[in-house]
A.B. asks: 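One structure coming up, written as structure tokens, with questions to follow.
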Amino acid sequence: MLGENIRRIRTERHLTQSALAEKSGVSVQQINQIEWGAKGLSVPTLVRIARALECTTDEILEEGNDGTFNQRAGC
């Protein structure tokens, strides 16, 4: 799931939702909703989050061979 990957990468980088929101310009509420799957996100928002996490959008969107998102460390 997209939100799970964002949450995993964010926590690996020791960022709070508030810190990611500040770095990306996306509200804390929207970050929370995306991470928990309650809200989708636009491509521009995905790009802003990826830049704030210092990774690519492909790395956030990456899925494992079994159809689940890759759980490798970092971007």
Side-chain angles (χ1 to χ4, degrees):
M1 181 177 190
L2 176 70
E4 290 174 358
N5 276 354
I6 291 171
R7 181 173 47 245
R8 177 182 50 78
I9 296 166
R10 176 181 59 76
T11 58
E12 287 172 356
R13 292 187 174 22
H14 306 286
L15 292 172
T16 63
Q17 287 183 345
S18 295
L20 178 57
E22 185 174 322
K23 287 181 75 167
S24 66
V26 177
S27 73
V28 175
Q29 293 80 9
Q30 189 172 0
I31 297 286
N32 183 273
Q33 291 173 340
I34 292 166
E35 286 188 358
W36 290 102
K39 182 173 185 161
L41 69 161
S42 66
V43 172
T45 300
L46 175 62
V47 170
R48 291 188 348 225
I49 290 172
R51 286 181 180 157
L53 292 171
E54 299 177 0
C55 67
T56 68
T57 55
D58 287 346
E59 291 165 320
I60 291 174
L61 295 170
E62 189 172 89
E63 290 187 59
N65 292 335
D66 61 355
T68 60
F69 283 92
N70 191 351
Q71 295 300 309
R72 67 183 172 79
C75 282

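Side-chain atoms are counted along with the backbone in the values below, which use heavy atoms only and exclude waters and symmetry mates. What you see is a predicted model; the values in this text were computed from it and never measured.
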A.B. asks: In terms of hydrophobic clusters joined by side-chain contacts under 4.5 Å, are V47 and I9 together?
C.D. replies: no
A.B. asks: Nearest 0.5 Å, please: how far is CD in E62 from CG in L2?
C.D. replies: 12.5 Å
A.B. asks: Do V28 and T16 make a side-chain contact, defined as non-hydrogen atoms from C-beta onward lying under 4.5 Å apart?
C.D. replies: no
A.B. asks: Taking side-chain hydrogen bond (donor to acceptor under 3.5 Å, both in side chains) as the test, write out the residues that go with S24, two or more places apart.
C.D. replies: none
A.B. asks: Does some side-chain heavy atom of V43 sit less than 4.5 Å from a side-chain heavy atom of T57?
C.D. replies: no
A.B. asks: Apply the test side chain to side chain contact (heavy atoms under 4.5 Å, CB included) to residues R8 and R13: give CA-CA distance (whole Å), side-chain angles for both, the deciding distance (0.1 Å), then the verdict.
C.D. replies: CA-CA 9 Å; R8 177 182 50 78; R13 292 187 174 22; over 6 Å; no
A.B. asks: Output all residues satisfying side-chain hydrogen bond (donor to acceptor under 3.5 Å, both in side chains) with S42, sequence neighbours left out; order by chain, then residue number.
C.D. replies: T45
A.B. asks: Is L61 linked to L41 within one hydrophobic cluster, defined over Ile, Leu, Val, Met, Phe, Trp and Tyr using a side-chain heavy-atom separation of less than 4.5 Å?
C.D. replies: yes
A.B. asks: Measure the CD-OG distance between Q33 and S27 for me, rounded to the nearest 0.5 Å.
C.D. replies: 7.0 Å
A.B. asks: Keeping to residues at least two apart or across chains, list the salt bridge (charged side-chain N to carboxylate O under 4.0 Å, His left out) pairs with something in residues 27-40.
C.D. replies: R10-E35
A.B. asks: State the CG-CG distance between L53 and L20, to the nearest 0.5 angstrom.
C.D. replies: 5.0 Å
A.B. asks: To check you understand the geometry: which heavy-atom pair defines the closest contact between I60 and N5, and what is its length?
C.D. replies: O-ND2, 2.8 Å
A.B. asks: Please examine the side chains of E54 and K23, heavy atoms only from C-beta on, and report whether any two atoms are closer than 4.5 Å.
C.D. replies: yes
A.B. asks: For A50 and T56, work out which heavy atoms get closest and say how close.
C.D. replies: CB-C, 4.0 Å
